[in-house]
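As a basis for the values below, the full set of heavy atoms in this structure was taken, side chains included, without hydrogen atoms, waters or symmetry mates. To find a chain, count down the sequence lines: A is the first, B the second, and so on, and within it residues start at 1.
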Amino acid sequence: MTERITLVVDGKSTDVSADPAMPLLYALRSELGLDNPKFGCGLAQCGACTVQVDGRPTRSCVTPVSGVKGKKITTLNGLGTSNRPHPLQTAYIAEQVPQCGYCLSGWMLTAAALLRDTPKPSDKQIRQALAGVKCRCGTHMAILRAVKRAAGSKA
Amino acid sequence: MHHAPVSRRDFLMAGGALVISVMVPGAVRTALGQTPVGGKPPLTPDELDSWIAVLPDGSVRAFFGKMDMGQGVDVAIGQIVADELDVAFERVDVVMGDTAFTCNQGGASGSTAIQNGAITLRYAASEARRVLLDRASQKLGAPVEKLIVQDGVVSVVGTPDRNVRYGDLIGGQYFQLKLEWNKRYGNPLVAKGQALPKKPSEYKVVGHSIPQGVVADKVYGKLRYVTDIKVEGMLHARVLRSPTAGCGPVTVDESSISSIPGARVIREKEFVAVVAEHEWDAVRAARALKVTWAPPCTPFPAMESLYDHIRQASVTGREAPVNQGDVEAALKSAHRVIDAEYQWPFQSHASMGPACAVADVRVDHATVWTGTQKPHFARDGVAKLIGLSPEKVRATWVPGPGSYGRNDAGDAALDAALLSKLTGKPVRVQYMRDEATGWDPKGPAGIYRGRAGLDAQGNVVAYDFFAKGFTRQDVATNESDPKDTLVGQLTGYPPKPTVIFQVPAEAYEFANKRCGWECVPPLLERASPLRTGHLRDPLGPETHFGSESFIDEIAHAAGADPVAFRLKYVKNPRHAAVIQAAADKAGWSRRPYPNPRRGKGNVMLGRGFSYTERNGTIVAVVADVEVDRRSGRVWAKRFTVAHDCGLIINPRGLELTIEGNVVMALSRTLFEEVKFDRERVLSVDWTSYPILEIQDAPEQIDIVLINRPDLPASGAGEPSTRTVPAAIANAIFDATGARIRRVPITPERVRAALARA
C-alpha cells in the first residue's frame, strides 16, 4: 500500500515510497534522513516537529505525507546556514537561547513566519504567534529577546 | 568546545578498549596522533591521563565525568582548565558523557558539575602544568621559577626566544603519572596531584561570559541528538505499557500485526515490545497489537483524596534533623499559634521529547547510545540486565530531549539493550508521548505543615515544620540497577524504594526550632506510572513552597514586613546579604501587607518574597504578580533574583541558567499536576499535563549575581527553582488577601480562594 511521493525539502526534490497516511515527520526523518524536525508528541501539541509547508508553520507529526506532494517544505536546516544565516539564527546565537534545544524547530520556524508577515511585531503579537509551542527548559525569556533582536536586525 | 559529532570515522579510543566503526556521536575528533610510549594507562581516576591530554598541536583535551544538560557546564570546565594550564580557552576541548573516555564522576547530579566535578579537573590541569613546566625547565636549562607560560608556550622570563611549546614537550604522549585518588566514584570523587591550583586572583578566563559553541550547531540544525542516531541494520522498537497500573500482559495476539511488514513481537516476562525495520511500521504495530491485560486493580486513591491518603498513611521512615530547644513546650506557652498546611502534587518531568536509546548488544560486548544524564550508571544497569561485565559495555551520552533528573531516559537505555539482546540486532527505541509523560518517574506528592508560636510582642518563640509524603526515590537517582527501571521491574527485579525526604534549607535562627519528615509507602510496589524519582531540585520547590509561604504567614501574623521579618531571624551575613540584594534590586519598600492599594479594576497587583539555600547556594526572589479577579489568572510579571553561588565561572551562562530555573519553577507552580484515577495516570500528553505557555512567561527577570571569588563555586542548575513557588504564592496573598496553599495555583483555585477571602 505504498505510494511514490515527490517531496521538495529545503530546495531539493526527492521521491519517497511510503504509506500515504504516514505522517510527513517519518518521511523526513526515516526516509530522507533529515533529522531536524523532532518527534515530541505525535499529537500536534508541542511544535518540535514543525516544518514550513509553502511558508506556513506545519506540525509534520500529524500531516500525512500524501498531503504535501510537490509543496515547498522548509526545515530548520533550510532556514539558513552559518554562511547565510536567517536573522533569527543569528539572534538565537547572540542570545544563547537553547538549553536542550530539542524544541527549536517549533519556535524558530513559527517565529520566522511571523517576522516575514509582521516584520516589527509587538511583544503581544510575538506571544500570540508562538502560542502552543512548548519549551521544557524554560528558555522563554531568551526566545522573546531573540525574536525582538531578529526583528530589529531586519530594519 | 562541545565537539561536533563525527560520522563514520574509525578512531582509536583513548581507552584502548573498543574500536567502533559505526556512526559515533560526540566522539573525540582525533586520536592522539602517534603511538604513545608505554600505551594508555587504565581509565582510572588515579591516572592523570584519565583527565587531561595534550595533543601534538598543543591543544588540550579534558575528560569530564559529569555532563552538560544545556546550561553550558562544559564551557565552564573548559574555562577552568584553560586557566590552570595557561592555554587559550579555544584550545581546550571538553569530552564528556562517554564511558570509554571518562571516569564516573556521577553524571549530571544535584547541580554539582562545578561544585564537585570541576575540583578534580582543576587539580588535574594544575598537575599537568607542573609536569610540563618541569620538562620545560630541563629542556630550556632554566629553573621553574624563571618560567612563564602564555597560551601553551613556556618561555624564560626576560628571554622570550628561549621557549618551548606544550605540544613539543608532551604532545601525543601520555603523562604516565599517578594522582592521589580518594577511592570514591560519582559526585564525591576527588583526585589530586602535587601541584597547588591557582588563586582566584590569578584567573584570566574564569569569570568571563564565554558563549556555548554548541548553540550554533543547535540553531542551524546540525547537532545530532540521541533520537538521530542510526546504526546499520538497526530495528525500530516501541514498547507497550499496560493501560492500567500494575496489570501485566495475559495474552499477546501476534497475528494482529501480521499485515505490517517485518513487524514482530518481543516479549520477556511482563515486558512487551514490537520491532520493525521501519519506524512508522513499529509505531503502527504498537498501536495495532492486541494484548489482553490482567483485569484492573485499584492501586491509587481517588485523586481528590490524595492528601487525606497521605495524612492517614502508615509511616515507612521519619527523621527530625533539625531539633533545637523545646518546640512543644514553647508552642504551649505561646501567646499565639499559627498553623497551616501546604500541598504539592505529583509532577512529571515531561521532557520535550520522549526518551530514546539505541543499543547494539553482541555476544561479548555492547554499546548503548543514551540521553541519560548518568551514562556510567546506565552502563552498569545495562551490563547487569544483559549479563555482561560493565567493562564490556560502553555507554555514550548523546544530547537528549531535555533532562532534569531521573527521567525516562534511564528506562529507554535498558529497554534498548534488552531488545537488542533478544533480537540479535541493534535496536532503537523511542517512547510515544503517553509513555513519556504517563510513565516517567514523578516528583513526589506531599503535605507540609507549619506551626509557629508568637509571644505578645510578635517574636517567634517556636517554629515547627513537618512534611509527610512519598519518598523522592521509589526508583534510585540513576539506572545502575535494573530494579530501578521499568524493564527491570517487568522482568524479575522487584523495586526497592529508598526512604528519603528533606527539610527546609535556610538560616532562620529561632530559639525553639524543629524540622522533620515522614515518608509513606508507595502506592504500587511494582512497575508504576506513579513511581517517584528525582525531578529538578528534588523536593526543593515542594518543601520551600510550604516553608517560605509559612514564613510569610508568620510575618503577617506578627504584623511585620516580609523582608524585615526574614532579616530579623537570619543572622548569617552571607544569607542576609542575598535577602537584602533582592529587596534592593526590586525596590522593596515597607508598606502594609497585604497590599492596601491592590488596584480597583479587575487586575490586582502584589509582590512576594522568598529566600532559600541549597548546598551552599543562597537565593532570594521577589515576584511581582497580577491577579485577574474575574478569571483567576495569575501572571507573574516580574521576578527579581539575587543569587550567591560563591565564585562565578561564567556570568552570562549563570544568568541564563537561573532564568530557566525560574520559568520552569513558575510552570510547576501555576500549571503542573499529574492527574490520575483509581486505576491509571490520566496525565499523558501536553493537554492533560499542561506546562507554561509563552503568554504566561514573565515580562522581565532581573538577576543580581553576587560573586564571591574567595568562596568555592557551588551549584546553580537547581537552587533558584525552590525559591520561586512561595514568592508567587506570597505575591498572590499580597495582591488579593487570599492565601493559596495548594499547587498548582490554577485559575479555579484562585477564584475559589477569592470567594472565600
Side-chain angles (χ1 to χ4, degrees), chain A residues 18-19 22-23 26-27 29-31 33-36 38-43 45-46 48 75-82 85 88-90 92-105 107-108 123-124 126-128 130-144, chain B residues 69-72 211-212 214-225 227-228 230 236 278-280 283-284 349-354 356 399-404 430 432-433 436 652-653 656-657 659-667 685-687 691-695 697-701:
Chain A
D19 167 9
M22 180 173 80
Y26 293 90
R29 290 183 56 87
S30 305
E31 309 304 320
L34 296 170
D35 289 326
N36 287 313
K38 304 296 186 201
F39 178 83
C41 64
L43 303 161
Q45 293 175 353
C46 76
T75 73
L76 182 59
N77 208 225
L79 192 63
T81 63
S82 51
L88 264 175
Q89 289 170 317
T90 309
Y92 261 63
I93 293 168
E95 295 291 347
Q96 290 278 295
V97 175
Q99 289 189 17
C100 89
Y102 196 80
C103 64
L104 284 180
S105 290
W107 295 102
M108 297 187 71
D123 179 77
K124 195 176 175 187
I126 296 170
R127 290 180 190 243
Q128 277 170 351
L130 294 172
V133 184
K134 302 290 189 294
C135 164
R136 188 51 166 154
C137 297
T139 66
H140 303 72
M141 305 305 291
I143 290 169
L144 290 168
Chain B
M69 292 294 119
Q71 292 78 27
Q212 294 190 56
V214 72
V215 161
D217 294 339
K218 289 177 181 173
V219 306
Y220 292 123
K222 292 199 178 303
L223 185 78
R224 192 179 296 272
Y225 288 81
T227 51
D228 309 331
K230 295 172 183 72
H236 289 273
H278 293 275
E279 187 172 13
W280 177 240
V283 173
R284 289 196 297 154
H349 290 255
S351 299
M352 195 57 218
C356 176
S403 192
Y404 320 98
Q430 184 168 20
M432 303 304 279
R433 175 44 63 185
R652 187 66 187 135
L656 290 165
T657 299
E659 277 190 357
N661 276 312
V662 169
V663 174
M664 191 173 185
L666 169 62
S667 176
D685 57 24
W686 298 113
T687 303
I691 63 169
L692 174 135
E693 294 272 334
I694 199 159
Q695 298 90 300
E699 197 168 79
Q700 196 176 340
I701 299 179

**OP:** With a 4.5 Å cut-off on heavy-atom pairs, point out which of A:Thr139, A:Thr75, A:Leu79, A:Leu76 contacts chain B the most.
**Re:** A:Leu76
Subject >> Side-chain (A:Arg127) to main-chain (B:Ile694) donor-acceptor, under 3.5 angstrom >> reply: yes
Subject >> Any residue meeting side chain to side chain contact (heavy atoms under 4.5 Å, CB included) with A:Thr90, in chain and number order, not counting sequence neighbours >> reply: A:Pro85
Original post:
Looking at A:Ser105, A:Gly42, A:Pro23, A:Gly80, which one has more heavy-atom pairs under 4.5 Å with chain B than the rest?
Top reply: A:Pro23
**OP:** Taking salt bridge (Lys or Arg N to Asp or Glu O under 4.0 Å) as the test, write out the residues that go with B:Glu659, two or more places apart.
**Re:** A:Arg145
Original post:
Can you say whether A:Lys38 sits under 4.5 Å from chain B via the side chain, the backbone, both, or neither, judging by heavy atoms?
Top reply: side chain
Original post:
Side chain, backbone, both or neither: which part of A:Ile143 has a non-hydrogen atom closer than 4.5 Å to chain B?
Top reply: side chain
Original post:
Shortest non-hydrogen contact from A:His140 to B:Ala697?
Top reply: CB-CB, 3.8 Å
Original post:
Which class fits the ring pair B:Trp280 and A:Tyr26: parallel under 30°, tilted 30 to 60°, perpendicular over 60°?
Top reply: tilted
**OP:** Can you tell which part of A:Glu31 gets under 4.5 Å to a heavy atom of chain B, answering side chain, backbone, both or neither?
**Re:** side chain
Original post:
When rounded to the nearest 0.5 angstrom, what is the spacing between CD1 in A:Ile126 and CD in B:Gln695?
Top reply: 12.5 Å
Original post:
If we only count heavy atoms from C-beta on, is the A:Asp35 to B:Thr227 side-chain gap below 4.5 Å?
Top reply: no
Original post:
Given that the side chain runs from C-beta out, which part of A:Leu43 has a heavy atom under 4.5 Å from chain B: side chain, backbone, both or neither?
Top reply: side chain
**OP:** Determine whether B:His278 and A:Ser30 make a side-chain contact, defined as any pair of heavy atoms from C-beta on separated by less than 4.5 Å.
**Re:** no
Original post:
A:Met141 versus B:Leu656: any side-chain heavy-atom pair under 4.5 Å?
Top reply: no
Subject >> Closest heavy-atom pair and its distance - A:Pro98, B:Val215 >> reply: CD-CG1, 3.8 Å
**OP:** Go through A:Ser82, A:Gly33, A:Ala131, A:Cys46 and name the one with the most non-hydrogen pairs under 4.5 angstrom from chain B.
**Re:** A:Ser82
Subject >> Partner chain B: residue of A:Gly132, A:Gly78, A:Ala48 with the largest heavy-atom pair count (under 4.5 Å) >> reply: A:Gly132
**OP:** Calculate, to the nearest 0.5 Å, the distance between atoms CE and CZ belonging to B:Met432 and A:Phe39 respectively.
**Re:** 3.5 Å
Subject >> Spacing of CD belonging to A:Gln99 relative to CD belonging to B:Gln212, to within rounding of 0.5 Å >> reply: 8.0 Å
Original post:
Could you give the distance from OH (B:Tyr225) to CG (A:Asn36), rounded to the nearest 0.5 Å?
Top reply: 9.0 Å
**OP:** Measure across B:Gly400 and A:Cys100 and return the closest heavy-atom pair with its distance rounded to 0.1 Å.
**Re:** O-CB, 4.1 Å
**OP:** Identify which part of B:Thr657 has an atom lying under 4.5 Å from any heavy atom of chain A, answering side chain, backbone, both or neither.
**Re:** backbone
**OP:** State, with a plain yes or no, whether a side-chain heavy atom of A:Arg136 is found less than 4.5 Å away from one of B:Ser667.
**Re:** yes
Subject >> Side chain / backbone / both / neither for A:Leu130 at chain B, heavy atoms under 4.5 Å >> reply: both
Original post:
Are side-chain heavy atoms of A:Asp19 and B:Arg284 found at a separation under 4.5 Å?
Top reply: yes
**OP:** Kindly give the heavy-atom pair with the smallest separation between B:Glu693 and A:Val133, and that separation in Å.
**Re:** OE1-N, 4.2 Å
Subject >> Part of B:Val283 lying under 4.5 Å from any heavy atom of chain A >> reply: side chain
**OP:** Below 4.5 Å from any heavy atom of chain B, which atoms of A:Met108 appear? Answer side chain, backbone, both or neither.
**Re:** side chain
**OP:** Apply side-chain contact (heavy atoms from CB on, under 4.5 Å) to A:Glu95 and B:Arg652, showing your working.
**Re:** CA-CA 10 Å; A:Glu95 295 291 347; B:Arg652 187 66 187 135; 4.1 Å; yes
**OP:** Looking only at non-hydrogen atoms, find the nearest pair between A:Gly40 and B:Pro354 and report the distance.
**Re:** O-CD, 3.2 Å
Subject >> Backbone N/O of B:Val219 and side chain of A:Gln89: donor-acceptor pair under 3.5 Å >> reply: yes
Original post:
So do B:Met352 and A:Lys134 actually touch side chain to side chain, heavy atoms under 4.5 Å?
Top reply: yes
**OP:** Could you look at B:Gln700 and say if it's the side chain, the backbone, both or neither that has a heavy atom under 4.5 Å from chain A?
**Re:** backbone
Original post:
Given the options A:Ala94, A:Gly101, A:Ala18, A:Ala27, which has more heavy-atom pairs under 4.5 Å with chain B than any of the others?
Top reply: A:Gly101
Original post:
Side chain, backbone, both or neither: which part of B:His349 has an atom under 4.5 Å from a heavy atom of chain A?
Top reply: backbone
**OP:** For B:Lys222 and A:Thr81, indicate whether the former's side chain and the latter's backbone hold a donor-acceptor pair under 3.5 Å.
**Re:** no
Original post:
Given A:Arg29 and B:Asp228, is the side-chain contact (heavy atoms from CB on, under 4.5 Å) satisfied, shown in steps?
Top reply: CA-CA 8 Å; A:Arg29 290 183 56 87; B:Asp228 309 331; 2.9 Å; yes
Subject >> Closest approach of A:Cys135 to B:Ile691 (non-hydrogen atoms, all atoms of both residues) >> reply: O-CD1, 4.0 Å
